[in-house]
Protein chains: 2
Amino acid sequence: MRRGILEFCIVSVLADKEIYTAGLIDSLKSADLIITDGTLYPMLNRLQKAKLLQYRWEESESGPPRKYYSLTTAGVEYLSKLDTAWQDMTASVESIRRGTESE
Amino acid sequence: MRRGILEFCIVSVLADKEIYTAGLIDSLKSADLIITDGTLYPMLNRLQKAKLLQYRWEESESGPPRKYYSLTTAGVEYLSKLDTAWQDMTASVESIRRGTESE
DNA sequence: CAAGCTACCTTGCGATACAAGGTAGCTTGC
DNA sequence: GCAAGCTACCTTGTATCGCAAGGTAGCTTG
């Protein structure tokens with residue numbers, strides 16, 4: 001029941017801060033959204049190819065370098081579209097869920 | 001961004017009334033959820049095989065007979081699980097969406 | 001310098017939803 | 001009473017999403 005919504009969550013998190021993969025996974029986990037890196041890497045690459053994300057390499061103090069992602073200008077616009085779509089969809093589902101009155 | 005949620009909507013509509021395919025499509029359309037019959041028939045058959053839905057044939061006054069679907073007892077229980085899952089998921093997404101405060 | 005950890009990425013699979021197309025019952029018009 | 005059209009059912013093929021599993025390579029630690 002989660003499909004397509006993960007992308008919205010990821011873009012939302014990136015709106016707040018520059019972050020790399022493990023941090024993204026932790027951010028979502030703290031909201032009870034479990035995601036694996038096998039899901040995340042293809043998504044980040046896809047969004048980056050679509051020019052919605054950018055990244056820079058940053059060295060780590062304890063391991064290999066990390067890709068820190070952030071939104072591009074187009075990514076910010078995309079987020080606002082996703083946000084509108086999210087609100088529309090939840091409103092629609094709520095209207096169904098609450099019962100569409102009797103027949 | 002809608003994946004998996006349609007099933008929840010369909011089961012929700014069926015909680016209120018016995019209905020056949022075209023009626024379901026209309027109910028969802030009136031909440032701005034567009035779905036085609038090519039999506040709906042496989043889903044109804046799948047839910048029926050899982051014993052969550054039952055149907056009876058009813059003759060029409062103007063055309064071929066129709067399959068009127070309704071929830072089984074198991075379907076009602078399933079709906080309550082979907083409803084809980086829906087509330088959990090929207091709560092999670094809202095907490096992400098509203099900004100997970102600064103780093 | 002070897003072993004282990006971390007971070008990146010790919011591949012194969014199952015499930016969802018859509019578009020397009022197909023069958024058959026029923027009514028309508030001639 | 002038969003052809004044409006509508007309605008209702010269903011199937012097939014395709015794209016995409018998300019996951020599990022597996023793989024490469026840099027960095028640290030003993």
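To find a chain, count down the sequence lines: A is the first, B the second, and so on, and within it residues start at 1.
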Report the distance from atom CZ of A:R56 to atom C1' of C:dA7, rounded to the nearest whole Å. 16 Å
Residue from A:I10, A:D16, A:L33 passing side chain to side chain contact (heavy atoms under 4.5 Å, CB included) with B:I96: A:L33
Any donor-acceptor pair under 3.5 Å linking the side chain of A:Q54 with the backbone of A:Y69? no
Need to verify one output field. Residue with the more 5' nearest nucleotide on DNA chain D, A:M43 or B:P42? B:P42
Give one of base, sugar-phosphate or nothing for A:T39, where a contact means two heavy atoms less than 4.0 Å apart. base
Who pairs with A:F8 by side-chain contact (heavy atoms from CB on, under 4.5 Å), at least two apart in sequence or on another chain? A:S12, A:L79, A:L82, A:D83, A:W86, B:M1, B:V93, B:R97
Residue pairs, two or more places apart or on separate chains, that pass salt bridge (charged side-chain N to carboxylate O under 4.0 Å, His left out) and touch residues 26-52 of chain B: B:E7-B:R46
Pairs meeting criterion ring pair (Phe, Tyr, Trp, His ring centres under 6.0 Å) with involvement of residues 9-48 of chain B, two or more places apart: B:Y20-B:Y68
Please report the distance, rounded to the nearest Å, between CG in B:D37 and C1' in C:dG22. 12 Å
Which part of the nucleic acid does A:G38 contact within heavy-atom distance under 4.0 Å: base, sugar-phosphate only, or nothing? base
Note: B:E18-B:R56 ion pair, threshold 4.0 Å (strictly below): yes
Measure from CG on A:L24 to P on D:dG18 and round the result to the nearest Å. 14 Å
Can you tell me the distance, in whole Å, between the CD1 atom of A:I25 and the P atom of D:dA20? 12 Å
So what does B:L40 touch, heavy atoms closer than 4.0 Å: a base, only the sugar-phosphate, or nothing? nothing
Residues from residues 57-70 of chain A sitting under 4.0 Å of DNA chain C, heavy atoms only? A:P64, A:P65, A:R66, A:K67
Does the B:S95 side chain pair with the main chain of A:A31, one donor and one acceptor, at a distance under 3.5 Å? no
Take the protein atom CD of A:Q48 and the nucleotide atom C1' of C:dC9, then report the distance between them rounded to whole Å. 13 Å
So what does A:I5 touch, heavy atoms closer than 4.0 Å: a base, only the sugar-phosphate, or nothing? sugar-phosphate
Length of the OH-C1' vector between A:Y41 and D:dA20, whole Å: 16 Å
For DNA chain D, whose closest nucleotide is more 5', that of B:N45 or that of A:T36? B:N45
Take atom CG of B:L47 and atom C1' of C:dT16, then tell me their distance rounded to the nearest Å. 12 Å
According to salt bridge (charged side-chain N to carboxylate O under 4.0 Å, His left out), who are the partners of A:E77, at least two apart in sequence or on a separate chain? none
Nearest-angstrom distance from the residue atom CD1 of A:I35 to C1' of D:dA20: 14 Å
Short side-chain to backbone donor-acceptor contact, B:R66 and B:T21, under 3.5 Å: no
Report yes if a donor N or O on one partner sits less than 3.5 Å from an acceptor N or O on the other, where the partners are the side chain of A:R3 and the base of D:dT16; otherwise report no. no
A:I25 and A:I35: which non-hydrogen atoms are nearest, and at how many Å? CG2-O, 3.8 Å
Got a minute to check which stems DNA chain D is part of, using Watson-Crick or G-U wobble pairs under 3.5 Å, three or more consecutive? C:1-30 with D:1-30
